[in-house]
Asks: 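Right, I'll just put the structure down here and ask away after.
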Amino acid sequence: MKPSAIVYTSNTGFTKRYAEMFGEKTGLCIYSMEEAKTRLEKGTEIIYFGWLMAGSVAGYKKAAKLYDIKAVCGTSLAPTGTLVEAMRKSCGLSENFPVFNVQAGMDRAKLKGGYGFGIKMLIKIMSKKKNRTAEDNAMLELLIKGGDYVCEENLAGIFDWYNRI
């Protein structure tokens, strides 16, 4: 049976946009975690979208206590598909569980809480790193200048999975 809804946690809006994009194409209802608590029954089968911070999927553990999660899609600064194993490990998910990560973006003006400070520290650390790789330089540029990588193509893996179930 296919999931009946998408539940997401978003900090700067990139994850919300991906959840809405996926919901628009699939016809699934979309709820923020806060909305879902009052609109969905406990145990509802969902797809969970959350942003990544140090490999952990924001809100995943809380969502897993409330809903029957059928797939996880994490948004991150890293290129699409590169953090699946880290996500799988941080969430304690098996090799067979559908896990996806998509590159989202950076808008430092929208960061909430202490995350802005964390990004400033990361920029400082990365700027001092010697022998940076091309990937390091690309990440540093994204952290400093910001950027938006939200696009339907990044969701290809989760669309493929969804269309097969």
Side-chain angles (χ1 to χ4, degrees), residues 6-23 30-37 46-67 69 71-161:
I6 296 166
V7 175
Y8 70 87
T9 301
S10 187
N11 189 31
T12 58
F14 294 104
T15 305
K16 179 182 180 183
R17 286 175 46 209
Y18 271 123
E20 290 172 341
M21 192 181 294
F22 191 79
I30 308 151
Y31 302 102
S32 70
M33 180 63 103
E34 291 305 311
E35 293 171 323
K37 289 178 187 176
I46 68 160
I47 299 170
Y48 184 73
F49 280 70
W51 56 281
L52 271 63
M53 182 64 168
S56 293
V57 182
Y60 171 80
K61 290 180 182 177
K62 188 182 289 186
K65 289 179 183 176
L66 297 171
Y67 309 110
I69 300 175
V72 176
C73 184
T75 64
S76 69
L77 299 176
T80 297
T82 59
L83 299 178
V84 169
E85 291 311 311
M87 289 173 54
R88 192 177 301 286
K89 183 177 179 182
S90 76
C91 295
L93 300 170
S94 72
E95 285 296 315
N96 297 333
F97 193 90
V99 175
F100 308 90
N101 93 277
V102 293
Q103 188 171 29
M106 169 59 70
D107 185 343
R108 289 175 50 197
K110 290 183 179 179
L111 287 174
K112 299 173 188 156
Y115 299 113
F117 176 75
I119 294 298
K120 284 181 185 178
M121 294 305 299
L122 185 57
I123 290 170
K124 191 173 183 177
I125 291 165
M126 289 187 73
S127 295
K128 291 180 180 180
K129 183 178 178 183
K130 296 180 183 192
N131 302 318
R132 287 193 308 256
T133 65
E135 291 83 12
D136 291 337
N137 288 332
M139 180 61 71
L140 184 57
E141 183 174 340
L142 175 59
L143 292 170
I144 292 170
K145 295 181 180 178
D148 186 340
Y149 296 92
V150 176
C151 65
E152 191 173 313
E153 293 79 25
N154 285 342
L155 292 171
I158 193 167
F159 277 128
D160 289 345
W161 166 81

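All heavy atoms count here, side chains included; hydrogens, waters and symmetry mates do not. Model, not experiment: these values are computed from the prediction. We number each residue from 1, following the sequence as shown.
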Asks: Which atom names give the shortest non-hydrogen contact between Val57 and Ser90, and what distance separates them?
Replies: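 Looks like N-OG, 4.2 Å.
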Asks: Looking at CZ of Phe22 and CD of Glu152, how far apart are the two atoms once the value is rounded to the nearest 0.5 Å?
Replies: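 Going from the CZ atom of Phe22 to the CD atom of Glu152 covers 10.5 Å.
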Asks: Could you go through the side chain to side chain contact (heavy atoms under 4.5 Å, CB included) check for Glu141 and Met106 one step at a time?
Replies: CA-CA 10 Å; Glu141 183 174 340; Met106 169 59 70; over 6 Å; no
Asks: Check salt bridge (charged side-chain N to carboxylate O under 4.0 Å, His left out) between Lys37 and all other residues, then give those that pass, not counting sequence neighbours.
Replies: Glu34
Asks: To the nearest 0.5 Å, what is the distance between CG (Leu155) and SG (Cys73)?
Replies: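 Output value for this atom pair is 6.0 Å.
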Asks: Can you pull the salt bridge (Lys or Arg N to Asp or Glu O under 4.0 Å) pairs that have at least one residue in residues 117-138, sequence neighbours excluded?
Replies: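 Every salt bridge (Lys or Arg N to Asp or Glu O under 4.0 Å) pair that includes a residue of residues 117-138, provided the two are not neighbours, is Lys129-Asp136.
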Asks: Indicate yes or no for a side-chain donor-acceptor contact from Asn101 to the backbone of Ser76 under 3.5 Å, with no hydrogens or angles considered.
Replies: no
Asks: Just by distance, do the side chain of Arg108 and the backbone of Lys145 share a donor-acceptor pair under 3.5 Å?
Replies: no
Asks: Say you draw a straight line from OH of Tyr60 to CZ of Phe49; how long is it, rounded to the nearest 0.5 Å?
Replies: 14.5 Å
Asks: Report yes if the side chains of Met121 and Met126 come closer than 4.5 Å at any heavy-atom pair, otherwise no.
Replies: no
Asks: Nearest 0.5 angstrom please: Met21 CE to Ile6 CD1, how far?
Replies: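 Output value for this atom pair is 11.5 Å.
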Asks: Quick check on side-chain contact (heavy atoms from CB on, under 4.5 Å): which of Ile46, Leu93, Ile158, Val84 does Val72 satisfy it with?
Replies: Leu93
Asks: Under a 4.5 Å cut-off applied to non-hydrogen side-chain atoms, are Arg88 and Phe97 in contact?
Replies: yes
Asks: Under a 3.5 Å distance rule, please check whether Thr82 uses its side chain to pair with a backbone N or O of Ala78 as donor and acceptor.
Replies: no
Asks: Within this structure, what is the OH-OH distance for the pair Tyr48 and Tyr67, rounded to the nearest 0.5 Å?
Replies: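 Nearest 0.5 Å value for the OH-OH distance: 10.5 Å.
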Asks: What heavy-atom pair brings Thr12 and Lys110 nearest, and what distance separates the two atoms?
Replies: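 Closest approach of Thr12 to Lys110: O-CD, 3.3 Å.
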Asks: With Phe14 as reference, evaluate Leu77, Asp148, Val102 under the side-chain contact (heavy atoms from CB on, under 4.5 Å) test and give the passing residue.
Replies: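 Running side-chain contact (heavy atoms from CB on, under 4.5 Å) over Leu77, Asp148, Val102 with Phe14 returns exactly one hit, Asp148.
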Asks: Under the criterion side chain to side chain donor-acceptor pair (under 3.5 Å), which of Asn11, Thr15, Thr80 is the partner of Thr75?
Replies: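 Option passing the side chain to side chain donor-acceptor pair (under 3.5 Å) with Thr75: Thr15.
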Asks: Hey, are Tyr18 and Ser10 close enough side-chain-wise for a donor-acceptor pair under 3.5 Å?
Replies: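 There is no such pair (donor and acceptor under 3.5 Å, judged by atom type) between the side chains of Ser10 and Tyr18.
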Asks: Between Trp161 and Ala71, what is the shortest heavy-atom contact and its length?
Replies: CH2-CB, 3.5 Å
Asks: Quick one: OG on Ser56 to CE on Met53, what's the gap to the nearest 0.5 Å?
Replies: 9.5 Å
Asks: Check for a donor-acceptor pair, side chain of Glu35 on one end and backbone N or O of Ser32 on the other, with a separation under 3.5 Å.
Replies: yes
Asks: Nearest heavy-atom pair of Ser127 and Leu140: which atoms, and what distance?
Replies: OG-CD1, 3.8 Å
